[in-house]
Number of protein chains: 2
Amino acid sequence: MQKEDCLLDRCFLCKHSLPAWKSLIELKKTTFSFKKGKKIFQEGEPVKGIFFIYEGSVKVTMNWGEQKELILRFAKAGDVLGHRGFGGDPFYPISATALEDCKVCFIDNSFLEASLIANPALSNQLMQVFAQELQKAEKRMRDLVHMEVKGRIVLALFEIIDAFGTDENGYISLQISRQDIASYAGTTYETVFKFFTELTGKGILSTSGKSIKINDPKALQSFIKY
Amino acid sequence: MQKEDCLLDRCFLCKHSLPAWKSLIELKKTTFSFKKGKKIFQEGEPVKGIFFIYEGSVKVTMNWGEQKELILRFAKAGDVLGHRGFGGDPFYPISATALEDCKVCFIDNSFLEASLIANPALSNQLMQVFAQELQKAEKRMRDLVHMEVKGRIVLALFEIIDAFGTDENGYISLQISRQDIASYAGTTYETVFKFFTELTGKGILSTSGKSIKINDPKALQSFIKY
DNA sequence: CGTTGAGTTGAGAGTAATCAATGTGCGTGG
DNA sequence: CCACGCACATTGATTACTCTCAACTCAACG
């Protein structure tokens, strides 16, 4: 982790702050780098502040017992991390792990709170973030409960493409493991695996090395049954 | 639905507003009554404002297809409803249904927004509400995915008691249908039923008419496996 | 007295998790 | 350069859970 300059336009806090605050924010915030696979923060740790991603991608997870994890969401440049520390417990209820090499801005709690009080527009922006994430979370809750596994895996794929996009050949820009897809869809590694071989067999999906490409989105859709 | 006076101390908006605003809020807000079973608002309807419950209890649900519903949460006096209308779509992503006869305060969007801008403390309070609900939602998401059905039903019972309490005899204060418990636990009516007969057989649970009583919380806990 | 609908129970089917076995690639050390 | 071991990928077989469907009971009501 090392301190660096921050790309203003990619940082939530800078983007939504009053111009007058920007120089102050520059002083206050610290930028850290995380290597792929490193934990940015962990379930149970005391909350010290809030993070803004301005480079790389991150998975936000929650554990069940020792072995099982659920990926709650993926986050990418421009997204906020660690705001779940707000309210109640001063301990993170979740973990955040870098999926690629990442750069994140860190703002400590006291400065953030001061900013929120002084700058209602920022406060409103953050509230919007919360509201949207709450909506997404509840929708996902329903999906995880009522959809069958194949549908959930399909949804995971769409979600991942939505978050990270595809390269010029149509492959998902992020190298994501089948284990992570399983953790997002709330299923097991093997099940994802078998489904993928079924899909590649039918030509709906292609895999090249570690990367995945969707050939037939409509056919995928059809696995989502109401 | 009829207009009535509002019990100030049970209303989120009044409780967290500046004293100077209270009289204005009194002017602006409207109180409605809803009979048990009536929908307060429904998935897909345009968002017109926000509700505060000051009497009765409510289930907040989301539908999957035509038949399957998931109860996202229970709300009772003092809780906020309809704030998920914030951000993005101006349509409710969820429905709210009265579980008992209810009285709710309604504040229309424009006045709420004005209040939030003028009163940062209120804004912060609402943000806290969002943050806490987001935490709860994500925890529940994990539970629904990784716990087995019996554990989820147990959790539902605890959750319901937590929200609504028990009467002097230890029975859950709210008459809740097995269907609703199933919808909360993400399972079917029959499964809840069979589990309940198993539990009453072992003396862990008692049912009297429509009401439910937990005799042995520890034995119930043991169905939650990590 | 028949009908309706909700409460209750049982049998069967299907899905996905678990377990186990085999295959594959890679790095390391001899 | 080869042999070995380890971790991870892949696949098949088995198990177990829970959903679905259907039947039955019982009470209320016309």
Side-chain angles (χ1 to χ4, degrees), chain A residues 36-37 63-71 99 142-157 172 175-202 205-212 222-226, chain B residues 36-37 63-71 99 142-157 172 175-202 205-212 222-226:
Chain A
K36 179 175 179 173
N63 271 86
W64 177 250
E66 285 299 304
Q67 305 301 333
K68 292 181 181 175
E69 81 167 18
L70 176 68
I71 295 181
L99 289 173
R142 180 203 56 186
D143 294 344
L144 286 168
V145 169
H146 285 308
M147 290 176 63
E148 44 188 57
V149 170
K150 287 184 179 180
R152 299 208 302 265
I153 297 172
V154 168
L155 222 58
L157 283 175
I172 293 173
Q175 275 198 11
I176 185 145
S177 72
R178 278 149 228 250
Q179 176 59 65
D180 278 343
I181 292 172
S183 294
Y184 188 82
T187 182
T188 58
Y189 182 78
E190 289 99 324
T191 302
V192 170
F193 208 93
K194 288 165 188 172
F195 186 45
F196 271 27
T197 52
E198 177 190 343
L199 291 176
T200 48
K202 289 180 183 167
L205 210 72
S206 303
T207 55
S208 149
K210 303 229 167 181
S211 206
I212 300 162
S222 71
F223 285 97
I224 299 174
K225 287 166 197 153
Y226 289 85
Chain B
K36 180 175 177 173
N63 272 86
W64 177 250
E66 285 300 304
Q67 305 300 333
K68 292 181 181 177
E69 82 168 15
L70 176 68
I71 296 181
L99 289 174
R142 180 204 55 185
D143 294 344
L144 286 168
V145 169
H146 284 310
M147 289 176 65
E148 44 187 59
V149 170
K150 289 183 179 181
R152 298 205 304 262
I153 296 173
V154 168
L155 222 58
L157 284 175
I172 292 173
Q175 275 200 12
I176 185 147
S177 72
R178 278 149 228 253
Q179 177 58 65
D180 277 345
I181 293 172
S183 294
Y184 188 80
T187 181
T188 58
Y189 182 76
E190 290 98 324
T191 302
V192 170
F193 207 94
K194 288 165 189 174
F195 185 45
F196 271 26
T197 52
E198 177 190 342
L199 290 177
T200 49
K202 290 182 183 167
L205 210 72
S206 302
T207 54
S208 150
K210 302 227 166 181
S211 207
I212 300 162
S222 71
F223 285 97
I224 301 174
K225 289 165 197 154
Y226 289 87

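Letters go in sequence order (proteins before strands), and every chain restarts at 1.
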When the distance from [atom1] of [X] to [atom2] of [N] is rounded to whole Å, what number comes out?
{"X": "I181(A)", "N": "dA9(D)", "atom1": "CD1", "atom2": "P", "result": "12 Å"}
{"X": "F196(B)", "N": "dT18(D)", "atom1": "CZ", "atom2": "P", "result": "15 Å"}
{"X": "Q67(B)", "N": "dC19(D)", "atom1": "CD", "atom2": "C1'", "result": "15 Å"}

Residues forming a salt bridge (charged side-chain N to carboxylate O under 4.0 Å, His left out) with [X], sequence neighbours excluded:
{"X": "E198(B)", "answer": "K150(B), K202(B)"}
{"X": "D143(A)", "answer": "none"}
{"X": "K36(B)", "answer": "none"}

It should be established whether T191(B) places a side-chain nitrogen or oxygen under 4.0 Å from OP1 or OP2 of nucleotide dC19(D).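 Result: yes.
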Are the side chains of F196(B) and I181(B) in touch, meaning some heavy atoms are under 4.5 Å apart?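 Yes, side chains in contact.
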Got a sec, which residues hit side-chain hydrogen bond (donor to acceptor under 3.5 Å, both in side chains) with [X], two or more places apart in sequence or on another chain?
{"X": "T191(B)", "result": "T188(B)"}
{"X": "S222(A)", "result": "none"}
{"X": "T187(B)", "result": "none"}
{"X": "K68(B)", "result": "none"}

For chain A and DNA chain C, what are the first and last nucleotides along the strand, 5' to 3', with at least one atom under 4.0 angstrom from a heavy atom of the protein chain?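 Result: dA16(C) to dC19(C).
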Can you name the residues that form a ring pair (Phe, Tyr, Trp, His ring centres under 6.0 Å) with Y189(B), not counting sequence neighbours?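 If we apply the ring pair (Phe, Tyr, Trp, His ring centres under 6.0 Å) test to Y189(B), skipping adjacent residues, there are no hits.
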For F223(A), all residues meeting ring pair (Phe, Tyr, Trp, His ring centres under 6.0 Å), sequence neighbours excluded: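 Once residues adjacent in sequence are excluded, the partners of F223(A) under the ring pair (Phe, Tyr, Trp, His ring centres under 6.0 Å) criterion are F195(A).
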Check nucleotides 11-16 of chain D for protein N or O atoms closer than 3.5 Å to its own N or O atoms and list the pairs.
residue: dG12(D); atom: O6; partner: K194(A); partner atom: NZ; Å: 3.4
residue: dA13(D); atom: N6; partner: K194(A); partner atom: NZ; Å: 3.3

Could you check which residues of residues 143-151 of chain A get a heavy atom under 4.0 Å from DNA chain C? Sort them by number, please.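 DNA chain C contact set from residues 143-151 of chain A: E148(A), V149(A).
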